[in-house]
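Please read the structure below before turning to the comments.
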Amino acid sequence: MSKCLKALALSFAALLVLTTEHGFSAPRQDGKKAAPPAAKKTGIGREATAKEIEGWNISVRPDGRGLPVGKGTVKQGEPLYVERCASCHGEFGESAGRWPILSGGNGTLKGHDPVRSVGSYWPYASTLIDYIRRAMPFGAAQSLTNNELYAITAYVLYLNDVIRDERFELNERNFMSIRLPNQPNFIDDDRESTEKEFWRKTPCMTNCVPDEAKITGRAQIIDVTPETGKSPKVE
Amino acid sequence: MAGTDRHKDKPAASRRTVLRAALAAGGAAALGRSALADAGNPANQPPNVPDWTRNLGDGVAVRAYGKPSKHEAHVIRRDVEWLTASRESSVSFTPLHELDGVITPNGLGFERHHSGIAEIDPADYRLIIHGLVDKPLIFTLDDLKRFPRVNRIHFCECAANSGMEWRGAQLNGCQYTHGMVHCVMYTGVTLKTLLDEAGLKPKAKWLLLEGGDAAAMTRSLPLQKALDDALIAYRMNGEMLYPEHGYPARVVLPGWEANMWVKWLRRIEVGDQPWHHREETSKYTDLLENGIARRFTFVMDAKSVITNPSPQAPLRHKSGFTILSGIAWSGRGKISRVDVSLDGGRNWRPARIDGPAWDKALTRFYYEFDWDGRELLLQSRAIDETGYVQPTKNELRKLRGVNSVYHNNGVQTWHVHKNGEVENVEVS
């Protein structure tokens, strides 16, 4: 054994002793679950201050937890929306081009071409104010004041016929009175019961389908695959 | 640069590259190319001695960070421009048909960004854990690296992978139909380790994971998964994460939809209920035919695809010994078997799995056969260790309709023409 290898082997042995001593053996990929890392505190990191948390904690929940303090009416929201949102989402939330739609589509969810908008699909209004606050306008995230945020949110809800009075002022106290119509139509993942048939003891191996396979659809007919020229350039 | 005088073969070589690139991208350009591409330049072939055998090449460290041969320049992520309005909120696809084995190179794993790539200075990276914990904590990147490390190889698949195919065959190439999946080795700290450090309050049930990008991407995660096998990773395939994959730290949730694997992770809030944020209500919910939508469909069902041949990688021989190659994976565990069919699902035979068949990781399969030169309707179906058998697309549609967008794991059919060209089709 070369000197180098010997040193390596030695340090390996030392490592083995160390890992068992400290109990730092995590579950392994081969499925055998060894003991998880010790629950003992390491003291790594430091306590986060209330101010640090406040600066980053922008999440809002359906029960109203996290709503910022602020207020704004539909009327105040309209010019703000037109200025900062309409170029992409359309004047009435109908979408300008291929940007996401924000309104419409009521009654389409069972149809062939469902439109999933705030009014037709979203279960909670809290999602809207949370999302606008964290991500919109696209390219200028977290640039709205809390009052602008409430005004624009109220306006988007107005475009969706959820708020009907232009003079309505949305604020952190009355926010919880807003209900979206599609909320009851969500269920938790039930695949393991409703799709039980996909767990098959003996998958068929021969003559599984009567008659020869017939081609029922072709990608080339639709022809939407990108061509070489349109792909990203490589230097 | 060394060897500027050695490109006598340039015309032929560049022609070949162009043809290969065309083939890789479109698949439709397959015809008539094969003879030319295979021929190359006789001046470089025996009995002649090519320039690269006579002249010195680049020295060490000229290529300080190596990259693939210039002849492989067509092996890249590609996007579908008509899909989205902007590249900052879009997706690019892994070139599955150009890869083998089970590990995806770091530069080729598909991307999905909601507001572009956040370029984070590691010195300014911070991760805050707060909410229902004994002590809210803030970590630097160096802090994260001081915790006990684990290494895990897992596939990462977007729930919208194959989402364009619900209504029928659309895109011609497995890069586009199945390329929102990749598989790398992650190094990081278990999320449980970090939560133990902060100390969970008894009411803790859900976590909110939040990214530091301009979408401040959020997802709610059940605590059970967080304590089971979730990681906060900072390395992929040994290197630090690439920016497009969440540098310097991201979430890894083995077997669960990629949207939850929040990149550029900046905050973990511990709570007692889910947040119902945009990515788990407006998006990543699965609309069924009756207008009801499933939510929190986290697990990726077992799936497989034949990567070669496929529309971007046609068969270049007319008949004879032929290798089918593909990948299979399951969010519920290990792949136990993969079957292939040459006749559109009438008859099946087990494929040969080669290489590791790890828990919730890509698994490589092959099927070797003697091709008689006739048309083929190729399919593969994955079976995982829970006994789940990958369904056909029609079986899926029967249960879910065609409006789900997400979680399309139906069996893929490739039609191999007599000339070796391959097309994405659907069969009865």
Side-chain angles (χ1 to χ4, degrees), chain A residues 24 26 29 31 36-37 39 41-42 44-48 52-53 56 59 61-62 97-99 109-110 114 116 121-124 127 130-131 134-135 141 185-189 195 198-200 203 205-209 213-220 222 224-228 230-232 234, chain B residues 22 25-26 73 76 78 80-81 85 128 130 135-139 143 146 148 150 152 168-172 190 192-193 196-197 208 214-216 267 275-278 281-282 287 291-297 344-348 358-359 377 387-389 391 399 403 423-428:
Chain A
F24 282 150
Q29 178 122 33
K41 310 255 187 222
T42 62
I44 299 170
R46 66 162 170 82
E47 187 156 359
E52 285 171 328
I53 296 169
W56 278 11
S59 48
R61 259 180 10 186
R98 279 136 71 230
W99 304 96
L109 297 184
K110 291 183 196 166
R116 299 160 174 85
Y121 190 62
W122 292 32
Y124 304 106
T127 310
D130 172 272
Y131 183 71
R134 68 177 59 251
N185 294 323
F186 285 83
I187 53 167
D188 285 342
D189 187 2
E195 299 185 354
F198 297 155
W199 278 265
R200 291 170 188 167
M205 296 303 280
T206 49
N207 300 320
C208 301
V209 190
K214 275 202 192 66
I215 293 177
T216 55
R218 293 176 174 280
Q220 264 174 28
I222 302 169
V224 286
T225 310
E227 288 155 33
T228 337
K230 287 188 191 158
S231 302
V234 255
Chain B
I76 51 171
R78 292 174 193 275
V80 177
E81 254 185 302
I128 294 179
H130 70 108
K135 183 177 169 187
L137 292 173
I138 184 164
F139 298 113
D143 289 338
R146 283 180 61 204
V150 296
R152 298 279 189 286
Q170 271 221 67
L171 290 164
N172 239 346
T190 67
K192 180 177 188 305
T193 304
D196 284 344
E197 190 70 27
L208 184 74
R267 190 169 70 93
W275 278 259
H276 295 284
H277 277 181
R278 186 246 187 175
T281 54
S282 168
L287 180 58
I292 300 288
R294 286 181 184 145
R295 66 181 176 199
F296 301 142
T297 45
R346 272 55 192 166
N347 297 284
W348 296 88
W358 278 320
D359 185 38
L377 289 168
Y388 181 99
V389 182
L399 293 182
N403 292 336
E423 190 187 354
N424 175 9
V425 299
E426 296 245 353
V427 290
S428 53

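The sequence lines fix the lettering, A, B, ..., with proteins before strands; numbering per chain opens at 1.
- The OG1 atom of B:Thr281 sits 10.5 Å away from atom OH of A:Tyr131, with the distance rounded to the nearest 0.5 Å.
- Listed for the B:Glu81 side chain is no donor-acceptor partner under 3.5 Å among the backbone atoms of A:Pro226.
- Residues A:Lys41 and B:Asp196 are not in side-chain contact: their nearest non-hydrogen atoms beyond the backbone lie 4.5 Å or more apart.
- Put simply, of A:Ile53, A:Leu109, A:Ile187, A:Asp188, the one with the most heavy-atom pairs under 4.5 Å next to chain B is A:Ile187.
- Of the listed residues (A:Phe198, A:Phe186, A:Tyr124, A:Trp122), the one with the most heavy-atom contacts under 4.5 Å to chain B is A:Phe198.
- Residues B:Ser428 and A:Thr216 come closest through the heavy atom pair N-CG2, 3.7 Å.
- Contact between B:Tyr388 and A:Trp199 at its shortest, heavy atoms only, is N-CD1, 3.3 Å.
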Run the numbers on B:Asn403 and A:Arg116 for side chain to side chain contact (heavy atoms under 4.5 Å, CB included), then give the verdict.
-> CA-CA 11 Å; B:Asn403 292 336; A:Arg116 299 160 174 85; 4.2 Å; yes
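- Taking chain A as the reference chain and counting heavy-atom pairs below 4.5 Å, the highest number among B:Ala216, B:Gly291, B:Ala293, B:Ala169 is found for B:Ala293.
- The side-chain contact (heavy atoms from CB on, under 4.5 Å) test applied to A:Ser59 returns A:Asn57, A:Asp130, A:Arg134, B:Leu208, B:Arg267, B:Glu269, B:Trp275, B:His277, not counting sequence neighbours.
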Test side chain to side chain contact (heavy atoms under 4.5 Å, CB included) on B:Arg146 and A:Thr42 and set out the steps.
-> CA-CA 9 Å; B:Arg146 283 180 61 204; A:Thr42 62; over 6 Å; no
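- Considering CD1 of B:Ile128 and CD of A:Glu52, their distance stands at 5.5 Å, rounded to 0.5 Å.
- Taking each heavy atom of A:Cys208 and B:Gly345 in turn, the nearest pair found is CB-O, 3.7 Å.
- Heavy-atom pairs under 4.5 Å with chain B peak, among A:Trp99, A:Tyr121, A:Trp56, at A:Trp56.
- Looking at B:His130, only its side chain comes within 4.5 Å of chain A, counting heavy atoms on both sides.
- Listed by chain and residue number, B:Lys135, B:Pro136 satisfy the side-chain contact (heavy atoms from CB on, under 4.5 Å) test with A:Glu47 (two or more places apart in sequence, or in another chain).
- Interatomic distance, A:Thr225 OG1 to B:Glu423 CD, rounded to the nearest 0.5 Å: 9.5 Å.
- Residues B:Trp348 and A:Pro203 fail the side-chain proximity criterion, which asks for heavy atoms closer than 4.5 Å.
- Ranked by heavy-atom pairs shorter than 4.5 Å toward chain B, the options A:Asn185, A:Ile44, A:Val209 are led by A:Ile44.
- Using a distance-only test at 3.5 Å, with no hydrogens or angles considered, a donor-acceptor pair links the side chain of B:Asn347 to the main chain of A:Asn207.
- Side-chain N or O atoms of A:Glu195 include none that pairs as donor or acceptor with a backbone N or O of B:Leu399 at under 3.5 Å.
- Atoms NZ and CG, from A:Lys214 and B:Leu377 in turn, are 12.0 Å apart once rounded to the nearest 0.5 Å.
- Atom OG1 of A:Thr127 sits about 11.0 Å away from atom CZ of B:Arg278, to the nearest 0.5 Å.
- Of the residues considered (B:Ser282, B:Gly344, B:Gly168), B:Ser282 shows the highest number of contacts with chain A, using heavy-atom pairs under 4.5 Å.
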